[in-house]
Chemist: 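Encoded as structure tokens, here's the structure I'll be asking about.
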2 protein chains.
Amino acid sequence: MVLTDRQVLILQVIVDDFIRTAQPVGSRSLSKKESISFSSATIRNEMADLEELGFIEKTHSSSGRIPSEKGYRYYVDHLLLPQKLNTSEIMTVKSIFAERIYELEKIVQKSARILSDMTNYTSIVLGPAVQDNKLKKLQIVPLTADTAIAIIVTDTGHVENRMFHFPSNVDPGDVEKMVNILNERLSGVPIVDLNSSIYKEVATLLRQHINNYDLLLNSIAQTLDIPSSEKVFFGGKTNMLNQPEFNDLAKIRSLMAMIEQEDGISQLIRKNPQGINVKIGRENNNTAMENCSLITATYSMGEEKLGTIAVLGPTRMEYSRVISLLKYISADLSKVLTDLYQNK
Amino acid sequence: MVLTDRQVLILQVIVDDFIRTAQPVGSRSLSKKESISFSSATIRNEMADLEELGFIEKTHSSSGRIPSEKGYRYYVDHLLLPQKLNTSEIMTVKSIFAERIYELEKIVQKSARILSDMTNYTSIVLGPAVQDNKLKKLQIVPLTADTAIAIIVTDTGHVENRMFHFPSNVDPGDVEKMVNILNERLSGVPIVDLNSSIYKEVATLLRQHINNYDLLLNSIAQTLDIPSSEKVFFGGKTNMLNQPEFNDLAKIRSLMAMIEQEDGISQLIRKNPQGINVKIGRENNNTAMENCSLITATYSMGEEKLGTIAVLGPTRMEYSRVISLLKYISADLSKVLTDLYQNK
DNA sequence: TTTAGCACTCGTGGTCACAGAGTGCTAACA
DNA sequence: TGTTAGCACTCTGTGACCACGAGTGCTAAA
């Protein structure tokens, strides 16, 4: 069950070659590689063993070999040499942060675009989970006689706004008073807890100061209760169309439908733990992803995990390069975000 | 050059049939239609004339005929009978406005989704041009020692926010004073004019009240000067993959690249005048759109044009149905928006 | 003017032969 | 005993060929 050095070498060269060319690799072409000094017949024997062990497979009975998912897995787990980014790549990554942008969302979005440009795969970035942010300021701007906008600013500078319906008989002065009280009491409370905190901590206070407080309070509390979904940013959604494994319409359709839907894929990404994660083909548990691999990396602010940055490519993707890139970008991202918002 | 009644009839049936089946239409199958009472030989003669006039064409020398772009143009201009929406369709459209949503963007977005669902084409909606909105309220929320968020609320309830860098030595009290003055003076000013108005109308006033007013003013004015791009919403980006004319990878690639890019297509849509517009194939002046038609409709609030709602389909699209739908939805949209925001 | 008939064209789908790339196996070799 | 050369075999892809069907254009008759 344990592979000999020579088998490992052959597996490595097969995977490398297939990643580069997308063509099944035959014994003859392998024997010509400079890192390989034995004959094609020997290689055929070794390949037969590797196939029996499940690391490689044939596309038809007399074809060259391609890596199986198990083969990729072994490659990723044991054979990956971290690839150094060259200077031009580093420059490109740095350019994400070159402009003086302060908005978290924009930075994150730009990361997605650059990542997909650099890899020619599809990149997906989960924005920070607003739920865990803390309230910085709540403001209410009346719009018409019976509508107003509630604006929530979080400590990371995220702004969320929602329009809501006003009870008809409220005094504008009361609204202002109420907003003041809410800000005083709820500043620093995580967004996700806002609703419950209102009732627990502020209700009694409000009752003392404001007429009809319950009506008004209800409509505001309701407004704040709408879950704010994590934002998902894509880069290079159509890059996969250029991959040779997707010259099949049916595959394209199911993959594009999956990407278009956004929900499914963000689920898939979200559930990955901290750090770098590689999911190969069916490891993703999703039929549309059968020929795809997903590599995810988390970014954070200080200790707190903020979001995930991911690359979706064919199983035949350049694992080494993508992982290096992801490590680099997520580290940079974390650093910039930490510097920006941590020192309050 | 002017078509006989019979030629018009034949053209109409050819277009209708081709739109339905995506198959070239032959003289024999035409002669079997109940609306047609003459023989296939007669039809062949008429078709030869129609081809000479440029209304229809062959895919190869012995194939049936398909409409040319000129043919579609004639069909759209002269032969289109407005199609009544059936009750279930009307219900579906109404459902856009069923929930009590007040946010303009959400309504617009939902329209796009429903439109693409109903047509199986791609829908594109240009959100309202924020530039023309008027300032309702400006607020500034300090975030860290040297950053703050400027929040702009417009009269339509649109909220725009931007983070910006603070000059280091400003007094928080001054900021507040300044915001008050700005709100007093700039309320009602179109967003696009904010920057110039600040210097023209408010600068002198500020000078009297605030230390270091110029530094602070500059950074705020700069922030407000960032153009806020019109938002573009898509529905059913991948619907085109299911159209039989796009079983060609090259076509799919160029089309998807075009859709993905968003900018080009929003340009294309933006330049259409008020009302319903149909652009067929190369009329769009864009190689990626060669086999596509674009139908646009504008929506408005009162008299003021707000945005555009569009459907992108193959040239072989159901013009009649899509036009009816667009008319209906854009009218409803205009009505709802007018009701919502006009009565301030 | 309309229509029936006929020869002709082109695309599609199937079969076939063949070259090329690759394999597995056997036997010889170090 | 591990390695290699050689050979028969397999599968794919391609191009040639053919038959079929749908459709056309043209001619001549109604």
Side-chain angles (χ1 to χ4, degrees), chain A residues 2-11 13-15 17-18 20-68 71 244-245 247-249, chain B residues 3-11 13-18 20-68 71 244-245 247-249:
Chain A
V2 69
L3 299 181
T4 66
D5 284 358
R6 195 164 69 186
Q7 285 172 331
V8 169
L9 172 63
I10 288 177
L11 178 57
V13 178
I14 289 176
V15 177
D17 215 57
F18 185 68
R20 210 166 35 81
T21 66
Q23 297 298 324
V25 188
S27 58
R28 202 181 117 80
S29 71
L30 272 193
S31 70
K32 285 196 199 142
K33 300 264 164 191
E34 58 184 61
S35 58
I36 287 183
S37 54
F38 25 93
S39 76
S40 66
T42 310
I43 295 171
R44 281 202 290 282
N45 287 329
E46 296 286 26
M47 292 208 293
D49 290 347
L50 280 172
E51 180 167 10
E52 206 160 313
L53 291 170
F55 291 100
I56 56 181
E57 49 196 37
K58 291 189 267 199
T59 58
H60 59 85
S61 71
S62 71
S63 78
R65 304 305 212 290
I66 63 173
S68 66
E245 32 270 278
N247 44 16
D248 174 6
L249 270 183
Chain B
L3 299 181
T4 67
D5 285 358
R6 197 164 67 185
Q7 285 172 329
V8 170
L9 173 62
I10 288 175
L11 178 57
V13 178
I14 289 176
V15 178
D16 281 337
D17 215 58
F18 186 69
R20 210 165 35 81
T21 65
Q23 296 298 324
V25 188
S27 58
R28 203 180 117 80
S29 71
L30 272 191
S31 71
K32 286 195 197 143
K33 301 265 162 188
E34 56 184 57
S35 59
I36 287 185
S37 54
F38 25 93
S39 76
S40 66
T42 310
I43 295 170
R44 282 202 289 282
N45 287 328
E46 296 286 24
M47 292 209 292
D49 291 347
L50 280 172
E51 181 166 9
E52 206 159 315
L53 292 169
F55 291 99
I56 55 181
E57 49 195 36
K58 289 188 267 198
T59 57
H60 58 88
S61 72
S62 72
S63 78
R65 302 306 211 291
I66 63 172
S68 66
E245 31 270 276
N247 43 17
D248 174 5
L249 271 182

Chemist: What one-letter contact string describes nucleotides 11-16 of chain C from 5' to 3', where B marks a base within less than 4.0 Å of any protein heavy atom, S marks contact via sugar-phosphate atoms alone, and - marks no contact?
Modeler: S-----
Chemist: Taking only residues two or more places apart in sequence, or in another chain, which ones meet A/Glu245 in a salt bridge (charged side-chain N to carboxylate O under 4.0 Å, His left out)?
Modeler: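 With sequence neighbours excluded, A/Glu245 shows a salt bridge (charged side-chain N to carboxylate O under 4.0 Å, His left out) to A/Arg316, given in chain and number order.
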Chemist: For atom CZ of A/Arg6, is the number of surrounding heavy atoms from other residues, nucleotides or ligands below 6.0 Å larger than 12?
Modeler: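 Result for CZ/A/Arg6: enclosed.
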Chemist: Is a side-chain N or O of B/Asp17 found less than 3.5 angstrom from the main chain of B/Ile14, in a donor-acceptor match?
Modeler: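 Judged by distance alone, no pair lies under 3.5 Å.
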Chemist: Between B/Arg65 and D/dT24, is there a contact of a side-chain N or O with OP1 or OP2 at under 4.0 Å?
Modeler: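 Affirmative; the distance criterion is met.
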Chemist: Decide, yes or no, whether a salt bridge links B/Arg65 with B/Glu57 under the criterion of side-chain N to carboxylate O below 4.0 Å.
Modeler: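 Here B/Arg65 does not pair with B/Glu57 in a salt bridge, since their nearest N and O are not under 4.0 Å apart.
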Chemist: Quick one: B/Glu46 CD to D/dG23 P, roughly how many Å, whole number?
Modeler: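 Going from CD in B/Glu46 over to P in D/dG23 covers 19 Å.
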Chemist: Please work out which residues in residues 28-45 of chain A have a non-hydrogen atom less than 4.0 Å from an atom of DNA chain C and list them by number.
Modeler: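 DNA chain C contact set from residues 28-45 of chain A: A/Arg44.
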Chemist: Would you name the heavy atoms of A/Ser35 and A/Val13 that are closest together and state the gap between them?
Modeler: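 For A/Ser35 versus A/Val13, the nearest heavy atoms are OG-CG2, 4.0 Å.
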Chemist: Starting from P on D/dG25, measure out to CG on B/Leu50 and report it in whole angstrom.
Modeler: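 Taking atom P of D/dG25 as the reference, CG of B/Leu50 is at 12 Å.
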Chemist: Quick one: does B/Ser62 reach the base of C/dT9 with a side-chain donor-acceptor pair under 3.5 Å?
Modeler: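 Yes, the side chain and the base share a sub-3.5 Å donor-acceptor pair.
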Chemist: Can a side chain N or O of A/Lys58 be found less than 4.0 Å away from OP1 or OP2 on D/dT12?
Modeler: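 A/Lys58 to D/dT12 OP1/OP2: no side-chain N or O under 4.0 Å.
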Chemist: In whole angstrom, give the distance that lies between atom CD of B/Glu51 and atom C1' of D/dT24.
Modeler: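 These atoms are roughly 10 Å apart.
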